[in-house]
Amino acid sequence: MGDPNASDWLKSQQKASRKARWLVGILGLVVLLALHKSLYGINYGPVNATYPWCTNTLGDVIEDIKLLSQLTNRIRLYGMDCQMANMTLWAIKLLNVNMTVIPTIWVDNNATTYQRQYNSLFTLINDHGVDKIDGISVGNEVLFRKEITPQDLFNRIADVRQKVNALPNVKKKVPVFTSDLGSNVNDALVAAVDIALANVHPYFGGVPAQQGANWTFEFFQQNDVVVAAKAGKEAIISEIGWPTAGNSQQAAVASVPNLNDFIQSFICAANTKQVKYYYFESFDTPWKTAMFTLLEGSWGLFTPDRKLKDVTIPDCPPTAPGFNGFS
Ligand SMILES: *[C@@H]1O[C@H](CO)[C@@H](O)[C@H](O)[C@H]1NC(C)=O
Ligand SMILES: *[C@@H]1O[C@H](CO)[C@@H](O)[C@H](O)[C@H]1NC(C)=O
Ligand SMILES: *[C@@H]1O[C@H](CO)[C@@H](O)[C@H](O)[C@H]1NC(C)=O
Ligand SMILES: *[C@@H]1O[C@H](CO)[C@@H](O)[C@H](O)[C@H]1NC(C)=O
């Protein structure tokens with residue numbers, strides 16, 4: 001830039017590129033106006049972070065967090081591999097945005113995977129402390145997949161809770177839990193966790209998008225809130241969303257207009273009721289489409305190139321506090 005030897009041609013190119021930057025700036029502003037910090041939390045997985053093919057970059061995570069920080073103050077992650085929690089916390093720090101994270105140790109039936117992610121969690125806490133960590137999840141939908149026994153899972157949760165809360169740089173009580181299908185929340189699970197995290201999916205309930213919010217509030221109340229409350233604990237929706245492509249489930253149809261209808265009826269109603277939820281999910285995931293189905297890969301509010309789908313984000317800030325009894 002500003003090279004004194006630049007030819008007229010080069011100068012005109014630079015003028016054009018300045019114009020382009022102006023345009024990018026204006027378009028960026030349009031995106032900003034379309035986003036509102038109305039979500040209690042959101043689920044996020046960085047692109048290309050599939051172990052052992054970790055080609056994800058901090059630059060990409062920063063671009064993602066720029067968007068997500070305009071939607072919510074809270075992020076939930078799915079694993080420790082590929083530096084995904086470390087990069088997320090670094091992006092939050094570098095952008096200086098007010099966001100907190102739930103890191104997750106991914107649990108399957110592979111002891112090597114567990115040990116690697118377990119070690120990464122302790123490195124993360126050693127490097128970042130827990131100021132920006134709301135809680136720690138040990139596994140997601142492990143009971144549903146039946147990869148290890150419930151008792152094995154509960155023992156791991158207890159182990160992580162004890163070790164994390166004994167660290168010298170941990171000055172607050174960090175809640176430790178797992179997340180599983182809302183229908184898997186029972187007394188034994190509730191006894192093992194500090195908070196009951198339930199994945200609640202009206203889509204798999206087979207209801208039309210327009211009834212998805214009502215279905216969710218009723219299902220969550222009956223299957224999760226009352227079960228957790230018996231033990232004096234709180235329940236949180238760890239996944240809630242609507243897909244835009246893939247096979248229908250009875251009356252539930254995947255489409256962008258249905259996603260829009262669902263978020264119009266769910267987000268502000270949930271915020272008014274002070275239901276705590278992590279929206280599922282941030283971006284479409286082509287790797288899940290390739291590995292599983294189109295339906296699995298199509299739950300993003302944004303496309304993989306960070307464009308908001310043709311939906312309106314409602315403007316109604318959540319007022320529910322952080323996790324009860326923890327700060
Ligand atoms: C965490 O990410 C930062 C920024 O990319 C990097 O410098 C650091 O080495 C990472 N930490 C670990 C343990 O890899
Ligand atoms: C940061 O976010 C938390 C949780 O939403 C909120 O309670 C707090 O007021 C925010 N802090 C600032 C400085 O905005
Ligand atoms: C467990 O995962 C490691 C790599 O993370 C792999 O090398 C090993 O083969 C896996 N073990 C089983 C039993 O699948
Ligand atoms: C949702 O529930 C409310 C109150 O329970 C009711 O008034 C409304 O009609 C329901 N909406 C749908 C689409 O079922």
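Numbering of ligands and ligand atoms starts at 1, following listing order.
The protein heavy-atom contact nearest to atom 5 (O) of ligand 1 is L58 CD2, 3.7 Å. Of the protein's heavy atoms, W90 NE1, 5.0 Å lies nearest to atom 7 (O) of ligand 1. Among protein heavy atoms, atom 4 (C) of ligand 3 sits closest to R116 NH1, 4.0 Å. Scanning the protein for heavy atoms near atom 6 (C) of ligand 1, the closest one is N86 ND2, 4.2 Å. Protein heavy atom nearest atom 10 (C) of ligand 3, with residue, atom name and distance: N110 ND2, 2.4 Å.
Distance check for atom 2 (O) of ligand 3: a protein heavy atom is found below 4.0 Å. Closer than 4.0 Å to atom 14 (O) of ligand 3 lies at least one heavy atom of the protein.
Side-chain atoms of N73 and K37 form a donor-acceptor pair, as typed in the model, at a separation below 3.5 Å. No side-chain N or O of E296 forms a donor-acceptor pair with one of T285 less than 3.5 Å apart.
Here atom 11 (N) of ligand 2 lies nearest to N98 when heavy atoms of T319, N73, N98, T72 are compared.
The cationic group of R74 does not satisfy the cation-pi geometry with Y278, failing either the under 6.0 Å distance to the six-membered ring centre or the 45° limit from the ring axis.
Tracing side-chain contacts under 4.5 Å through hydrophobic residues (I, L, V, M, F, W, Y), one never reaches L294 starting from F204; they form parts of separate clusters. Hydrophobic clustering (side-chain heavy atoms under 4.5 Å, transitive across Ile, Leu, Val, Met, Phe, Trp, Tyr) groups I133 together with F177.
Shown here for N43 and R76, the closest heavy-atom pair between the two residues is OD1-NH1, 2.6 Å. Between Y114 and W106, the closest heavy-atom pair is CD1-O, 4.4 Å. The heavy-atom pair separating V200 from I240 by the smallest distance is O-CD1, 3.3 Å.
The closest approach between any non-hydrogen atom of M99 and ligand 2 is not below 4.0 Å.
Close approach of ligand 3 to Y51 is summarised as follows: ligand atoms under 4.0 Å from at least one heavy atom of the residue are 5 (O). Atoms of ligand 2 lying under 4.0 Å from any heavy atom of R74, numbered from 1 in the order shown and given with element: 4 (C), 5 (O).
Taking the side chain as every heavy atom from C-beta outward, V275 and T216 never approach each other to under 4.5 Å.
With a 4.0 Å heavy-atom cut-off, ligand 1 is reached by the side chain of Q83 but not by its N, CA, C or O.
Here's the thing with T112: none of its N/O atoms is less than 3.5 angstrom from an N/O atom of ligand 3.
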